[in-house]
2 protein chains.
Amino acid sequence: MRLTTKSSYGVRALISLAIMYDRKRPVPIKDISREEEISGVYLEQIFNRLKNQGLVRSIRGPGGGYALVRDPSDISVYEVVMALEGSVNPVRCVSGKGEKKECGRIATCASKEVWREMARRIKETLGDFSLRDLAGRTLELDPGKARKAQLYEKSLS
Amino acid sequence: MRLTTKSSYGVRALISLAIMYDRKRPVPIKDISREEEISGVYLEQIFNRLKNQGLVRSIRGPGGGYALVRDPSDISVYEVVMALEGSVNPVRCVSGKGEKKECGRIATCASKEVWREMARRIKETLGDFSLRDLAGRTLELDPGKARKAQLYEKSLS
DNA sequence: TATAAGCTTGACTTTTTTAGTAAGGTATAT
DNA sequence: ATATACCTTACTAAAAAAGTCAAGCTTATA
């Protein structure tokens, strides 16, 4: 019953972008990598997917980096997880769209109803958290982070 | 975001036991294996865990097999999944009891609150389904199964 | 316009987990 | 006795997860 690290890293990374969102400045991967102690090369893969799914956009060259495409209050953790995991179904046979290997006994399998409901509730739950929520909560839990963001800001001007 | 096949097999297998529960007769693994098209040797592993977690008891020798320890209405899918997966947490760092590798930044990590809530809701959801529910639903979906169970009964008397 | 910052792409490797097998044993009803 | 069925430990193959590597492409800025 585990998400891959892509999701947990991805969410943490996007919280960083959310915190920086108002400053209208892209955040380079290297910064997130250092700050969150996540392999930079691995993060690149993750951002690649996020970009392909339309959650972030990229700006190349010096001063470049990644930024959220939409307002953080408009992006839910569900979207991030979907972008990175592809699905939220607990078993293969309860297929969304692109999933294969239905198990044959689908028509008469009662347990599939459990898994379906489970997916529904997970979607609901993750949909309740926006990146803005989490960014706000992060600053509450770690005021140092707000300070750091400001310093970073200053060092650029 | 996947459960292992242990859980889906396990639930399906226990639905079979639930259907047989009233007849007060243990069900041998071989039968479930044939009926549900699941590797018998693999099922043994699964039942081993279920037994260690106190969900089923075993009766050895000819005419033996496995049976539910408690009434099907008193056993939820959550218990089965916990017995077979060990946990329902979507990430390692949100640890229940026996889980390791807390990630150090726990104190200031906002996303962990998402994962915690997610685990809570999964528990809630799976707790809502009892084996009796699923056994009943199975007989609804597949009336042939009820007939088969009766035949099986007859062949023994 | 050279340079360096930073994204882009695809293939590759390593580690861990999953999904089983294999092979022997033990208990027990008949 | 013997066949049925559980019990236990160890092993293995395949897939997935988690990262690494290498070589590029874009663009701001000095």
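Reckoned from all heavy atoms, side chains included, excluding hydrogens, waters and symmetry mates. Just so it is clear, the model here is predicted, and its values are computed rather than measured.
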Value in whole Å for how far the P atom of D/dC6 lies from CD1 of B/Ile29: 5 Å
Could you check how far CD of A/Glu37 sits from P of D/dA18, rounded to whole Å? 18 Å
May I ask you to evaluate whether B/Lys30 reaches the phosphate of D/dA5, defined as a side-chain N or O under 4.0 Å from OP1 or OP2? yes
Taking atom CZ of B/Arg121 as the centre, report whether more than 12 heavy atoms of other residues, nucleotides or ligands fall under 6.0 Å from it. yes
May I ask you to list the residues of residues 41-54 of chain A, by number, that have any heavy atom positioned under 4.0 Å from an atom of DNA chain D? A/Val41, A/Tyr42, A/Gln45
Strictly below 4.0 Å: does B/Thr5 bring a side-chain N or O up to OP1 or OP2 of C/dA19? yes
Has B/Ser39 got a side-chain N or O lying under 4.0 Å from the OP1 or OP2 atom of C/dT21? yes
Between atom CG in B/Asp31 and atom P in D/dA5, what is the gap in whole Å? 7 Å
Holding to ring pair (Phe, Tyr, Trp, His ring centres under 6.0 Å), I want the full list of residues that pass it with B/Phe47, two or more places apart in sequence or in another chain. B/Tyr66
Closest-nucleotide 5' rank along DNA chain D - winner of B/Gly65 and B/Met1: B/Gly65
Grab the CZ-C1' distance between B/Arg92 and D/dA17 for me, whole Å please. 10 Å
Note, A/Pro72 side chain near A/Leu68 side chain (heavy atom, < 4.5 Å): yes
The answer to which of A/Thr4 and A/Gly63 contacts DNA chain D further toward the 5' end, by nearest nucleotide, is A/Thr4
B/Tyr9 side-chain N/O to C/dG20 phosphate OP1/OP2 under 4.0 Å: yes
For A/Leu17 and C/dG6, give me the distance from atom CG to atom P, rounded to whole Å. 14 Å
Side chains of B/Thr4 and B/Glu85, donor plus acceptor under 3.5 Å: yes
Go through C/dT17, D/dA28, C/dT8 for me and flag the one nearest to the A/Pro62 side chain. D/dA28
Could you give the NZ-to-C1' distance, from A/Lys6 to D/dA18, as a whole number of Å? 7 Å
B/Val114 side chain reached by A/Tyr78 side chain, heavy atoms, under 4.5 Å: no
OP1 or OP2 of C/dG6 less than 4.0 angstrom from a side-chain nitrogen or oxygen of A/Ser58, does that happen here? no
With no angle test and no hydrogens, is the base of D/dC7 tied to the side chain of B/Arg60 by a donor-acceptor pair under 3.5 Å? no
Starting from P on C/dT30, measure out to CD1 on B/Ile59 and report it in whole angstrom. 14 Å
Round to the nearest Å and state the distance from B/Leu3 atom CG to C/dA19 atom C1'. 15 Å
Between A/Arg116 and A/Glu113, is there a side-chain N and carboxylate O pair less than 4.0 Å apart? no
Carboxylate-amine/guanidinium proximity below 4.0 Å for B/Glu140 and B/Arg137: yes
